[in-house]
Amino acid sequence: MLWVSDLKPQFRNSVTLAKARATGLHDPLDLQNAISTLFPAVTHVDFSARLLTIDTDFGSRAYDVLKAFHAKTGCPVLLNTSFNVRGEPIVCSPEDAVTCFLNTHLDLLVIGPCLVRKSEQATSVKTKVGRIKFAAD
């Protein structure tokens, strides 16, 4: 189920949007950086977030991943986002996924039942795909 909710005060920084603007900040990225939270990747500058809640009825695989992540880290939140890098199209194939994975700072890649750890890849695999110059680099 999708919800829009406000982040609880105990997870917020004391800097609000109004306070950040009062210091002269107006650029959206500067405002976002000034207003930090415990969950910055999923929180907007007004401390709201779009949440997708899941349970066993949603799909056991997603629920099981979230449950295992929570047990291991103590954090019950995962970020679900598109798989792409600024200036590049969204990944559409396993080949796109591997290329993007090998050319970014990602540590793990999951494709279906496969978990790929970059640290376990041979140097020849890491360089065989070729370095792609992304706009964010």
Side-chain angles (χ1 to χ4, degrees):
M1 181 162 286
L2 184 65
W3 299 90
V4 174
S5 183
D6 290 330
L7 189 66
K8 291 181 179 180
Q10 65 262 33
F11 300 118
R12 300 176 185 182
N13 182 335
S14 62
V15 177
T16 64
L17 182 57
K19 287 180 184 177
R21 285 188 173 146
T23 65
L25 295 177
H26 297 288
D27 179 82
L29 186 56
D30 291 336
L31 289 169
Q32 184 69 50
N33 289 334
I35 304 168
S36 64
T37 71
L38 188 58
F39 307 104
V42 298
T43 309
H44 302 282
V45 295
D46 65 355
F47 298 115
S48 67
R50 293 181 311 191
L51 309 174
L52 176 65
T53 60
I54 60 171
D55 58 30
T56 54
D57 293 334
F58 179 78
S60 62
R61 189 168 182 198
Y63 179 81
D64 290 345
V65 168
L66 180 57
K67 187 175 173 182
F69 182 79
H70 184 205
K72 186 169 180 101
T73 66
C75 179
V77 177
L78 288 173
L79 174 62
N80 181 21
T81 185
S82 59
F83 188 7
N84 70 312
V85 179
R86 185 184 337 171
E88 295 293 320
I90 292 177
V91 166
C92 292
S93 69
E95 292 81 10
D96 291 348
V98 170
T99 299
C100 188
F101 169 67
L102 291 175
N103 287 290
T104 59
H105 297 289
L106 297 175
D107 299 315
L108 302 169
L109 175 66
V110 178
I111 299 180
C114 301
L115 172 65
V116 183
R117 296 177 193 274
K118 189 178 288 181
S119 63
E120 295 177 2
Q121 303 309 305
T123 303
S124 61
V125 171
K126 292 178 192 176
T127 58
K128 185 176 183 182
V129 173
R131 181 73 181 137
I132 298 172
K133 180 69 175 164
F134 292 112
D137 284 352

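Just so it is clear, the model here is predicted, and its values are computed rather than measured. Residues take their numbers from the sequence shown, with the count starting at 1.
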Interatomic distance, His44 atom NE2 to Leu31 atom CG [nearest 0.5 angstrom]: 14.5 Å
CG of Asn84 to SG of Cys92, rounded to nearest 0.5 Å, is 9.5 Å
How long is the gap from CG on Leu7 to OG1 on Thr37, to the nearest 0.5 Å? 5.5 Å
Residues Pro76 and Leu66: closest non-hydrogen pair is O-CD1, 3.4 Å
For a quick test of reading the model, state the closest non-hydrogen atom pair linking Asn13 to Ala34 and the distance between them. ND2-O, 3.9 Å
Report whether Ile54 and Phe69 are members of the same hydrophobic cluster (ILVMFWY, side-chain heavy atoms less than 4.5 Å apart, transitive linking). yes
Hey, does Lys8 have a side-chain heavy atom less than 4.5 Å from the side chain of Leu38? no
Measure from the side-chain N and O atoms of Thr73 to the backbone N and O of Cys75, and report whether any donor-acceptor pair falls under 3.5 Å. yes
Hydrophobic cluster identity match, Val98 and Leu106, side-chain contacts under 4.5 Å: yes
Hey, could you give me the CZ/CZ distance between Phe47 and Phe11, rounded to the nearest 0.5 Å? 13.0 Å
Least distance between heavy atoms, Val91 atom then Ala97 atom: CG1-N, 3.4 Å
Quick check on the hydrophobic clustering: are Ile111 and Leu102 connected, directly or via other members, by side-chain heavy-atom contacts under 4.5 Å? yes
Can you tell me how far the CZ atom of Phe83 sits from the CD atom of Glu88, to the nearest 0.5 Å? 11.5 Å
Measuring from Asp46:CG to Asp6:CG, what's the distance to the nearest 0.5 Å? 7.0 Å
Least distance between heavy atoms, Phe101 atom then Leu108 atom: CE1-C, 3.5 Å
